[in-house]
Each structure stands twice: as structure tokens, then as C-alpha cells.
Amino acid sequence: MRAGSGRPCALYGRRGGNKWIEAPCVLEGRPGGPTGQNASMTTLATAPASASTAPAGFIEKAPLERYVAPARPSLIGFSRLELMEALAGIGVPEGKRRMRAQQIWSWLYVRGVTGFEAMTSLSKELRALLAAHFTLARPEVVAEQISVDGTRKWLLRLPGERAGEAPHEVECVYIPDTDRGTLCLSSQVGCTLTCSFCHTGTQRLVRNLTAGEIVGQIMVARDRLGDWSAAHPGPGHPGTGEPADGQPGAGRRLVTNIVMMGMGEPLYNFEAVRDAILVVADGEGLGISKRRITLSTSGVVPNIARAGDEIGSMLAVSLHAVTDALRDELVPLNRKYPIRVLMEACRNYPGLSNSKRITFEYVMLKGVNDSLGDAHALVKLVRNIPAKINLIPFNPWPGTRYECSDWDEIEKFSEVVFTAGYASPVRTPRGRDILAACGQLKSASEKLSARERLALRAMAMTDD
Ligand code: SAH
Ligand code: SF4
């Protein structure tokens with residue numbers, strides 16, 4: 001059993017004027033599990049037990065897990081077209097499919113209903129037919145932690161490959177702020193990449209999340225926060241009457257922003273991430289605009305342009321080093337797509353402007369990449385690209401060889417970046433009481449007996 005890894009998920013609040021440092025929501029996985037494969041991932045080597053034992057030249061692990069759809073699939077994450085296909089599959093006449101799909105879409109993504117019986121604009125027969133073939137299941141909440149500052153973290157359970165096999169678990173974090181509420185999502189269980197400072201990179205098990213599981217994280221957050229339209233304030237409050245199609249619920253939403261900065265490399269699960277984001281950004285449904293969705297990549301260059309064309313969200317790039325020699329070590333994918341190639345892809349990212357900037361993430365590693373020379377080289381590197389720079393205090397985990405830079409060094413580094421004209425956020429930790437032990441929620445739950453897990457689950461399901 002691993003100890004909690006101290007992975008970040010720590011978002012940081014204002015500290016000192018308009019300077020910020022923002023730590024990402026980096027989530028935690030569990031090793032172990034059977035083998036499988038996924039065509040969308042590139043495999044250059046077989047998986048070692050941990051990145052630290054990786055042979056020289058090692059860039060990526062093989063994905064080990066494969067998703068097997070349950071007998072009754074969940075409609076969560078379905079696009080309108082997929083809903084129409086689902087309706088066709090259960091015999092709904094062609095002429096009715098578009099309208100029915102639109103009604104179901106609204107019940108799912110505007111009202112957030114959790115059962116077909118609540119879809120009162122559909123006939124009883126159709127509701128029964130739908131229930132016989134599908135579910136509205138979200139990822140199962142295993143546990144919930146709530147910080148005194150309102151930050152919430154959920155441990156979510158996803159099915160494994162075969163019945164009876166250990167399920168997968170990922171975390172999802174909600175960080176409220178004065179003007180926004182940010183939800184940090186995972187795109188994979190584990191990661192095929194092996195960044196040397198990242199705990200996810202040491203995990204053997206990798207499975208792509210489905211689009212439904214990605215959208216499902218948002219559904220869970222809105223359920224738990226009671227963040228649906230006024231007529232449907234949360235789970236257990238099924239809507240009464242016809243949802244106003246095209247009208248997101250009245251009142252202020254709690255989940256306003258999405259960051260794909262949890263576990264996994266989103267651009268190695270391209271199709272599912274794209275499909276999920278397109279559902280989430282639809283203004284007649286969950287309604288979180290692409291400007292408020294940020295996808296973070298370690299630099300999967302061929303998919304950066306594709307993301308610009310097919311997704312169009314905001315982009316964050318995990319740079320972390322200004323020389324290839326160092327980036328090869330920190331982000332081994334750099335050996336495949338070196339800095340020059342990566343920066344070129346960034347420069348060409350469609351739609352960049354002063355109001356649509358790429359965020360460059362830079363983890364502060366003591367004595368490794370935190371000199372003032374590095375800071376000057378960093379601003380030089382991003383010159384001519386509409387950019388923001390996020391300095392991320394390193395979050396240590398057991399066994400790591402890195403340490404977080406001293407606060408003074410971070411401030412000096414930030415000053416250089418700021419003076420060069422880039423906002424360089426300095427943030428103080430949010431949700432420290434629950435996030436200081438980030439990853440421990442999961443480790444703790446793994447140690448529990450079945451009875452304790454049930455109790456934890458019951459606790460998680462209780463509203464505060
Ligand atoms: N795979 C994607 C997105 C998930 S990681 C990526 O690499 O961009 C999200 C961010 O957290 C990345 O910038 C990553 O480099 C950073 N990160 C990973 N481990 C960290 C740690 N221990 N401390 C601080 N930041 C970390
Ligand atoms: Fe971690 Fe992102 Fe690197 Fe994967 S790509 S190992 S999640 S930092």
C-alpha cells in the first residue's frame with residue numbers, strides 16, 4: 001500500500017498584489033490491474049513497474065487497461081447524435097428521434113436528473129424502455145472531503161475490465177473562488193508518460209476514461225453541489241415538468257470553469273476528451289464555454305493543432321524547463337517533441353490573441369530549474385506567443401528526488417517573469433486541510449474494511 005503522495009490539487013489564493021502562482025490539480029491513481037490496449041496511445045516501450053526503473057531513452061509506457069462497457073450503458077456523456085442513435089437502437093421511430101433526443105438532452109444536462117422516471121415530458125412507455133436499456137449512472141462517489149474554505153474533493157470509482165476485478169479510482173476537485181468555481185478533471189487512470197517529478201507518471205496502470213466518465217465528473221460535482229437549474233436543485237429533487245429546452249437554469253452556477261489538469265494526458269485520450277468537451281461546452285446543456293475550459297498537455301505536438309481545430313478550448317502547456325537537456329529529463333516526451341517543435345506548435349495554436357493566451361506551466365524544482373537565468377530564458381522562449389505563465393510550487397511525494405524551490409526563489413523568479421510583462425500568479429494554498437494530504441483520501445479508502453468503506457460512502461452521500 002502506498003502512502004499518500006502529496007500530489008498537488010492545491011489551488012492557491014492571492015498573495016501580494018497582482019502576482020500569482022497557481023498549482024494545478026494533479027490527481028492520484030493506483031497501480032496494479034490487468035493488461036489491455038488502446039489504439040489512440042503511442043507505445044514506445046513496455047511498461048516498467050515505476051518510472052524510476054525506466055531504461056534510458058524510455059518515454060512512454062504501454063496502456064494496460066481497457067474499458068469494457070457495462071451491459072446497460074449510461075447515457076451520461078452522450079451527444080445529441082448519440083442519443084438519436086440510442087433511440088434508434090430501441091425502436092423509436094425516425095420522425096420522433098430528434099425531438100426525443102433533445103428532450104432527453106435537456107433532462108440530462110440542464111436539469112441533471114438521475115432517473116428516467118423524472119423525465120416527465122416523455123411517455124411512461126418510453127421511460128420504461130429507456131430504463132430497460134440504459135442508465136444515468138455517474139462515476140460512483142466513494143468519498144468526499146470538504147475544506148473549511150469550500151474546496152471539495154471527491155474520490156470516484158470507475159469500472160475495471162472484468163466483473164469482480166478491482167475498480168479504478170480517480171479524484172476530482174472543486175475549487176470555489178470569488179468570481180468562479182473551477183473543477184479539475186482527470187482524463188485517464190494513470191498516465192502513459194513518465195515525467196520524473198510527477199507521481200502519476202510512476203503508476204503502472206493506465207486506462208483512458210470514456211467521454212461519459214469525463215462528463216460524469218462534472219455531473220457528480222453539480223449533483224453534490226446542488227448546482228442544477230432552480231427547478232432541480234440537486235440529487236433527489238427530480239425536475240417537475242418540462243425543462244425549458246435551451247434555457248440553462250436560472251441563477252448563478254457554482255461550476256463555471258473546467259481544467260483538464262487531473263490525472264492523465266488529455267491529448268493521449270483525444271477523442272474522448274474532445275467529445276466530452278463538446279458536450280460540456282454546448283450552450284444549451286452544461287453550458288461551460290470553451291473559454292472557460294483549459295486543457296493541459298505535456299506537449300503531444302501532433303495533437304495540439306488538432307485540439308485547436310477540433311476542440312477549441314484554452315490550452316496549457318507543461319513546459320517546466322528551458323533547455324532540451326533538462327526537459328528530456330523532467331518531461332521525457334521532450335525527446336520525441338523537443339522544445340523548438342513544441343513552441344512552434346504553440347505559436348500556431350488557432351485563435352491565439354491577447355484575450356486567448358496559452359498558459360505555460362512551470363513547476364518550481366529547487367536547484368533544478370529555478371535560477372534567475374532560467375526565468376530570463378523562459379520569458380525569452382515564450383516571446384511572440386500570447387502567453388500566461390503559471391509558476392507551480394512542486395508538491396513532493398514519497399520517494400521523489402525533487403524538492404520545492406524556496407519561497408524566496410519563487411518570488412524572485414516570479415518578479416523576472418512579471419517584469420517581462422507576464423502575469424505571474426502567486427497563490428496561497430486553498431483547501432489545505434483536505435489537500436495537504438492529497439492522494440491520501442484514496443490511499444486511506446484502500447486500507448479500509450468493507451464496513452468502513454460503506455460508512456465512508458454513506459458519509460460521502462450525506463449533504464452537509
Ligand atoms: N498530463 C497533463 C495534465 C495533467 S498534469 C500535463 O502534464 O500537462 C497537470 C499539471 O501538474 C502539469 O503541469 C504537471 O506537470 C503538473 N504536476 C505534475 N506533478 C506535479 C507535482 N508533483 N507538483 C507540481 N506540479 C505537478
Ligand atoms: Fe504527470 Fe502530466 Fe507527465 Fe502524465 S504527462 S506523467 S500526468 S505530468
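Read the numbers this way: they start at 1 and go in the same order the structure lists the ligands and their atoms. All values below come from the heavy atoms of this structure, side chains included, with hydrogens, waters and symmetry mates left out.
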For Ile410 and Cys404 the tightest heavy-atom approach is CD1-SG, 4.2 Å

Does Arg347 come within less than 4.0 Å of Glu344, counting only side-chain N to carboxylate O? yes

Atoms of ligand 1 under 4.0 Å from any heavy atom of Val363, numbered from 1 in the order shown, are 24 (C), 25 (N)

Near Cys198 (heavy-atom distance under 4.0 Å), the atoms of ligand 1 are 18 (C), 19 (N)

To atom 4 (Fe) of ligand 2, the nearest of Gly299, Ser196, Cys191 on a heavy-atom basis is Cys191

Using a strict threshold of under 4.0 Å (side-chain N to carboxylate O), is an ion pair present between Lys412 and Glu415?
no

Logged contact type for Thr200 with ligand 1, heavy-atom cut-off 4.0 Å, is neither

Quick look: His199 vs ligand 1, heavy-atom contacts under 4.0 Å, and the answer is neither

Within 4.0 Å of some non-hydrogen atom of His320, the atoms of ligand 1 are 13 (O), 14 (C), 15 (O)

Paired with Glu213, the side chain to side chain donor-acceptor pair (under 3.5 Å) test is passed by just one of Arg138, Arg207, Gln188, namely Arg207

With heavy atoms and a 4.0 Å threshold, my read on which part of Glu265 contacts ligand 1 is both

How are the rings of Tyr174 and Trp154 set relative to one another: parallel (under 30°), tilted (30 to 60°) or perpendicular (over 60°)?
-> tilted

Taking only non-hydrogen atoms of Glu361 and a 4.0 Å limit, the atoms of ligand 1 in range are 10 (C), 12 (C), 13 (O)

Checking heavy-atom distances from atom 1 (N) of ligand 1 to each of Ser296, Ser318, Gly299, Gly264, the winner is Gly264

A student checking ligand 2 against Ser298 at a 4.0 Å heavy-atom cut-off should list atoms 5 (S)

Q. Among the heavy atoms of Met263, does any lie under 4.0 Å from an atom of ligand 1?
A. no

So CE of Met263 and NE2 of His168: to nearest 0.5 Å the spacing works out to 10.5 Å

- Query: Between Glu85 and Arg80, is there a salt bridge with N-O shorter than 4.0 Å?
  - Reply: no

Check your understanding: Could you walk me through whether Arg152 and Glu144 pass the salt bridge (Lys or Arg N to Asp or Glu O under 4.0 Å) check?
Key -> CA-CA 7 Å; Arg152 293 192 189 212; Glu144 176 179 62; 3.4 Å; yes

| said: I'd like to know if the side chain of Ser405 pairs up with that of Asp370 as donor and acceptor (distance under 3.5 Å, no hydrogens or angles considered). | reply: yes

Under 4.0 Å between a Lys/Arg side-chain N and an Asp/Glu carboxylate O for Glu329 and Arg335?
no

Taking only non-hydrogen atoms of Leu193 and a 4.0 Å limit, the atoms of ligand 2 in range are 5 (S), 6 (S)

Here the gap from Asn208 atom CG to Glu265 atom CD, rounded to the nearest 0.5 Å, amounts to 10.5 Å

Taking only non-hydrogen atoms of Thr297 and a 4.0 Å limit, the atoms of ligand 1 in range are 6 (C), 8 (O)

- Looking only at heavy atoms of Gly262, does any of them come nearer than 4.0 Å to an atom of ligand 1? yes

Per-atom filter on ligand 2: closer than 4.0 angstrom to a heavy atom of Gly201 are 6 (S)

Contact region, Cys195 to ligand 2, non-hydrogen atoms below 4.0 Å, reads both

Under 4.0 Å between heavy atoms, the region of Ile392 that gets near ligand 1 turns out to be side chain

